[in-house]
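Written out below as structure tokens is the structure these notes cover.
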Amino acid sequence: MESSAAPLVPAEVRDLLTSRIHDVPDYPKPGVLFKDITPLLADAKAFSVLTDVLAGLAERRGATKVVGLEARGFILGAPVAVRAGIGFVPVRKSGKLPGATLSQAYDLEYGSAQIEVHAAGLAEGDRVLVIDDVLATGGTAEASVQLIRRTGAEVAGAAILLELGFLAGRERVERALAGAPLDTLVTV
């Protein structure tokens with residue numbers, strides 16, 4: 001199993017990305033330190049560097065499709081797919097996609113949720129790279145891997161901009177990936 005807790009990018013690239021992720025204390029509630037990636041997205045150079053790194057991962061993993069997880073995974077995944085010359089498929093919250101969908105339920109800290117993908121969006125023969133902005137507890141990423149496999153597609157791996165290492169989501173996602181690589185660019 002190839003798992004990369006070690007940096008995938010040169011120190012100067014990691015420093016650039018990290019410098020554009022801002023801490024917002026007490027958001028969305030007191031005691032939470034929110035990691036805001038919108039300054040990174042607003043910086044054309046940093047966003048382009050991030051897109052290049054993730055597109056390189058898509059190519060290395062032999063991906064034929066990128067799945068972006070709602071909502072910031074859409075923002076990161078779509079330009080990666082374009083840059084890598086492959087298709088993009090959104091995984092959305094339940095009830096947001098028209099037409100025939102497949103859904104996957106998963107547990108949250110307090111309750112459960114469900115994600116969906118277009119039934120025809122992925123198929124046998126596709127190699128899918130999952131892209132998201134933050135790995136926290138890993139529930140959404142784990143559910144997306146299960147959902148992708150239900151379509152008959154192969155999971156090429158998962159690529160995450162920012163891992164919140166203190167929340168231990170990595171173990172959950174690695175179990176779901178069953179040997180496919182989990183790549184994180186920045187870990188805090």
Side-chain angles (χ1 to χ4, degrees), residues 1 3 28 34-35 37-38 41 47 50-51 54-55 57-164 167-185:
M1 172 170 64
S3 173
F34 184 79
K35 299 293 186 178
I37 69 161
T38 57
L41 300 174
F47 193 15
L50 173 61
T51 301
L54 293 174
L57 278 173
E59 291 167 5
R60 273 188 18 219
R61 303 291 177 230
T64 60
K65 298 265 176 81
V66 166
V67 157
L69 305 184
E70 188 163 339
R72 290 175 293 201
F74 299 173
I75 297 168
L76 302 182
V80 167
V82 169
R83 184 111 3 120
I86 59 179
F88 175 80
V89 177
V91 167
R92 302 226 40 204
K93 294 176 183 171
S94 183
K96 301 288 185 180
L97 292 172
T101 61
L102 294 173
S103 63
Q104 181 71 42
Y106 63 101
D107 292 327
L108 299 167
E109 187 175 355
Y110 300 105
S112 64
Q114 195 165 289
I115 55 173
E116 295 180 336
V117 66
H118 276 123
L122 299 171
E124 193 171 321
D126 284 328
R127 285 187 46 83
V128 181
L129 180 67
V130 176
I131 293 183
D132 205 6
D133 65 327
V134 175
L135 173 58
T137 62
T140 307
E142 176 188 44
S144 71
V145 167
Q146 293 167 346
L147 184 59
I148 291 163
R149 287 198 176 113
R150 287 183 46 223
T151 69
E154 180 183 350
V155 178
I160 312 292
L161 168 59
L162 177 66
E163 178 180 356
L164 304 179
L167 291 177
R170 171 173 284 277
E171 293 80 18
R172 184 176 186 178
V173 176
E174 284 180 330
R175 273 193 311 273
L177 287 167
L182 170 59
D183 298 305
T184 57
L185 304 185

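- A donor-acceptor contact shorter than 3.5 Å links the side chain of His118 to the backbone of Pro98.
- Applying the salt bridge (charged side-chain N to carboxylate O under 4.0 Å, His left out) test to Arg175 and every residue at least two apart in sequence or in another chain returns nothing.
- Contact record, Leu69 with Ser144: CD2-CB, 3.5 Å, taken as the closest heavy-atom pair.
- The shortest heavy-atom contact between Leu76 and Phe47 is CD2-CE1, 4.1 Å.
- Here side chain to side chain donor-acceptor pair (under 3.5 Å) pairs that include residues 79-91, with residues two or more places apart or in two chains, are Asp52-Arg83.
- For the atom pair CD1 (Ile131) and CG (Asp183), the distance works out to 10.5 Å, reported to the nearest 0.5 Å.
- Between Glu163 and Leu182 the shortest side-chain heavy-atom distance does not fall below 4.5 Å.
- Between Gly121 and Asp126 the shortest heavy-atom distance is O-OD2, 4.3 Å.
- Residues satisfying the side-chain hydrogen bond (donor to acceptor under 3.5 Å, both in side chains) test with Thr137, not counting sequence neighbours, are none.
- For CD of Glu171, the number of neighbouring non-hydrogen atoms (other residues, nucleotides, ligands) closer than 6.0 Å is greater than 12.
- Glu116 is linked by a salt bridge (charged side-chain N to carboxylate O under 4.0 Å, His left out) to nothing, counting only residues two or more places apart in sequence or in another chain.
- Counting only residues at least two apart or in different chains, salt bridge (Lys or Arg N to Asp or Glu O under 4.0 Å) contacts with residues 129-139 comprise Arg72-Asp133.
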Let me have the donor-acceptor pairs involving side chains of residues 148-162, under 3.5 Å, with sequence neighbours excluded, atom names and distances please.
unit_1	atom_1	unit_2	atom_2	d
Arg149	NH1	Ala176	O	2.5
Arg149	NH2	Leu177	O	2.9
Arg150	NH1	Ser103	O	2.4
Arg150	NH1	Gln104	OE1	3.3
Thr151	OG1	Ile148	O	2.5
Thr151	OG1	Ala153	N	3.2
Glu154	OE1	Arg127	NH1	3.4
Glu154	OE2	Arg127	NH1	2.5

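- Expressed to the nearest 0.5 Å, how far NZ of Lys93 lies from OG1 of Thr140 amounts to 8.5 Å.
- With sequence neighbours excluded, the residues that form a salt bridge (charged side-chain N to carboxylate O under 4.0 Å, His left out) with Glu70 are Arg92.
- Rounded to the nearest 0.5 angstrom, Leu135 CG and Leu185 CG are separated by 11.5 Å.
- Shown here for Val80 and Ala58, the closest heavy-atom pair between the two residues is CG1-CB, 4.5 Å.
- With sequence neighbours excluded, the residues satisfying side-chain contact (heavy atoms from CB on, under 4.5 Å) with Leu167 are Ala136, Leu164.
- Among all heavy-atom pairs drawn from Leu129 and Ala63, the shortest one is CB-CB, 3.9 Å.
- Partners of Ala113 according to the side-chain contact (heavy atoms from CB on, under 4.5 Å) rule, which considers only residues two or more places apart in sequence or in another chain, are Tyr106, Leu108.
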TODO: I would like to know whether Val117 and Val67 meet side chain to side chain contact (heavy atoms under 4.5 Å, CB included); could you show each step before the answer?
DONE: CA-CA 9 Å; Val117 66; Val67 157; 5.6 Å; no
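- When the side-chain contact (heavy atoms from CB on, under 4.5 Å) test is applied to Ala81, the partners found at least two apart in sequence or on another chain are Val66, Ile86, Phe88.
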